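The chains referred to below are lettered A, B, ... by the order of the sequence lines, with proteins before strands, and numbering in each begins at 1. The structure displayed is predicted, hence computed values, not measured ones.
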Amino acid sequence: MFWQQLINGLTLGSSYALIALGYTMVYGIIQLINFAHGEIYMFGAFVGLFLVLTFKVNIFVAVLGAMIFCMLLGMLIERVAYRPLRGSSRLSALISAIGVSIFLSTLMVLIRGPKVTSYPAGIFKIAYFDLGTVEISSLQIIILVTAGLLMLGLQLLIQHTRIGKAMRACSQDLDAARLMGINVDRVISFTFAVGSALAAAGGVMVGIYYNAVQPYMGLMAGLKAFAAAVLGGIGSVPGAMAGGMVLGILENLGIAYLSSSYKDAIAFGILILCLLVRPQGLLGKATTKKV
Amino acid sequence: MEAFILQYVDIYVLQIMVLIGINIIMALGLNLITGVTGQLSMGHAGFMSIGAYTSAILSLHYGMPFWFCLAAAGLMAALAGVFIGIPTLRLEGDYLAMVTIGFAEIVRVVFLNLDIAGRGMGLSGIPATTNFTLVWGLVIVIVLLNAGLLKSRPGRALYSIREDEIAAEASGVNTTLYKVVAFAIGTFLAGIGGSLYAHYLTYISPQDFDFMRSVEYLNMVVLGGMGSIPGTILGTVILTILPEVLRFVQDYRLLFYGALLVTLMIFRPNGLLGDVRWIDVKRTWARIRGQSLASSSSDS
């Protein structure tokens, strides 16, 4: 029971982590809580579904297609709704993000209707492996491996490439980075592209895993992922990964051992308790006050 | 009073006017927390639901008089606010945003599973005590008290926390205390608003107080102009009427709503009245009048 819930929790947690990465990277650079991020995840799930239904592609092509689409969507949103507000108060950018979020979810309702759609059965042959006490499905393995590879790729990108270095510089000090000749606008655009692509991958995989895609799925997933990002330490990339996993596992254990009707309360309860003990998050650095 | 107004407008308009009044009370509460003190709270609907349910349960199950319910609703919400505020507001940054989102979700889920709160069905048959006179009477009292507070020494201390917390602390402002007090007053108003709401619609359910409702109140405060009482009232009036006006576009209503939020923010990033100061208005007015006086005198 415990180990089974742990596996399920890791699968759910890796999807939270993929979304949380986008929140944390954007927050790290421009201190914006990007509330439209959950909607990008939802769009990813729908684009994947569209590709599967229309072109009968396999799961990997669907993930890739959704990632590319959402990459462009993320960059477009940043250009239209956030860039004009750079330099004004953070709350106005936040309201703009909320506007984008409402716009996107309504747009999807208009396109697809508010009903729940599922991925066609048999798109992916699910095999179950019995490992004694736990049973793990091939889908879970694929989700875990894909999420793991994406996070590894992100870590390599941030730590070992030129643009990654620029991203780290921007997150430390935007003005200083600009003075050093970094094209800040391009870096921010790139950050949105990467974050959106990761969320899209999460969207397609969750869509297949739970076999349900609907226009309002972005809201709660976005809130939970934001919680995961804060739990891990907002602005910290490894923190978002850890926060997502911890939240996914604890939520599943909570459902198994406590009560499933309190499912959504459990995640947020854990978050509040953790913040009271360790306000900077699991892996966040405590910042010293600058006077 | 209601009969008098109904001679001129139909019942639908009257209903919207009452809802505007309730929303103004809610938004002024949030304005004190987010607009004036600069602490981002995204769970205002959670405190509203505490007020609404407290008031509904007290009057339905215990037969308490309305005034008692109203006061109890405000106090319960403020109590929850202090409970959440004391540990969170010690910290700087956006933690309050996350904690209030989480708290509001927890409250919603708890009411969804609580027998005394009617679970998912909600509570119906709440005595309809709220009316136009009561709501707008309270609005006037609250606006006056609020304006008095903001002009006073503690009010300026609250503004100073928003502008620069470190400087405020260095100037001797007990920032944690002021933040918690602002949060308590704001959540108290949310509780009052919730009680009025419950006794107006006579039916409440957990879905009425979801995350999107918190977001609506935040929109009202930021859109109108953070920290400004006229701005908050203007934002509330616009955002309460807007969905009704947009009814003609039917399914596209929320699409327009979202797009309008983005557009308004891009063109008025500080809110509609956020960077308008009364003294500037007076000066501009004086200049215009001066010019017209000068031109009329040169004519003669």
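For A:Val100, the parts lying under 4.5 angstrom from a heavy atom of chain B are both the backbone and the side chain. With a 4.5 angstrom heavy-atom cutoff, A:Val109 does not touch chain B via any of its atoms. Contact annotation for A:Leu104: neither backbone nor side-chain heavy atoms come within less than 4.5 Å of a heavy atom of chain B. With a 4.5 Å cut-off on non-hydrogen atoms, A:Ile266 does not touch chain B at all. The contact between B:Phe211 and chain A is made entirely by side chain atoms (from C-beta outward), counting heavy-atom distances below 4.5 Å. With a 4.5 Å cut-off on non-hydrogen atoms, B:Val110 touches chain A through its backbone and its side chain both. The contact between A:Leu223 and chain B is made by backbone and side chain atoms together, counting heavy-atom distances below 4.5 Å. Both the backbone and the side chain of B:Val99 come within less than 4.5 Å of a heavy atom in chain A.
Within the model, atoms CG of B:Leu40 and CG of A:Leu91 stand 5.5 Å from one another, a figure rounded to the nearest 0.5 Å. In this structure, CZ on A:Phe103 lies 9.0 Å from CZ on B:Phe256, to the nearest 0.5 angstrom. Within the model, atoms CZ of A:Phe35 and CE of B:Met42 stand 4.0 Å from one another, a figure rounded to the nearest 0.5 Å. Between the CD1 atom of A:Ile272 and the OG1 atom of B:Thr100 there is a distance of 8.5 Å, given to the nearest 0.5 Å.
Scanning both residues, A:Pro84 and B:Ile266, for their nearest heavy atoms gives CB-CG2, 3.9 Å. When all heavy atoms are compared, the tightest approach of B:Pro87 to A:Leu276 is CB-CD2, 3.3 Å. B:Val262 approaches A:Ser96 most closely through the heavy-atom pair CG2-O, 3.5 Å. Pairing each heavy atom of B:Pro269 with each of A:Leu85, the nearest pair is CB-CD2, 3.8 Å. Nearest heavy-atom pair, A:Thr106 versus B:Leu255, reported as atom, atom and distance to 0.1 Å: CG2-N, 3.6 Å. Closest heavy-atom contact between A:Ser92 and B:Met265: CB-SD, 3.4 Å.
Few gaps surround OH on A:Tyr257; more than 12 heavy atoms of other groups in view lie less than 6.0 Å from it. Surrounding CZ of A:Arg186 are at most 12 heavy atoms belonging to other residues, nucleotides or ligands under 6.0 Å away. No more than 12 heavy atoms of other residues, nucleotides or ligands sit less than 6.0 Å from atom CE of B:Met76.
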inquiry  = Run B:Glu105 and A:Leu271 through side chain to side chain contact (heavy atoms under 4.5 Å, CB included) and show every step you take.
reply    = CA-CA 12 Å; B:Glu105 275 304 311; A:Leu271 174 82; over 6 Å; no
| task | Would you sort out whether B:Leu223 and A:Ile95 count as a side chain to side chain contact (heavy atoms under 4.5 Å, CB included), showing the intermediate values? | result | CA-CA 8 Å; B:Leu223 185 89; A:Ile95 300 296; 5.9 Å; no
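When B:Asn219, B:Val222, B:Leu218 are each tested for a side chain to side chain contact (heavy atoms under 4.5 Å, CB included) with A:Leu94, only one passes: B:Leu218.
Looking at A:Ile102 and B:Met212, their side chains come closer than 4.5 Å, going by heavy atoms from C-beta outward.
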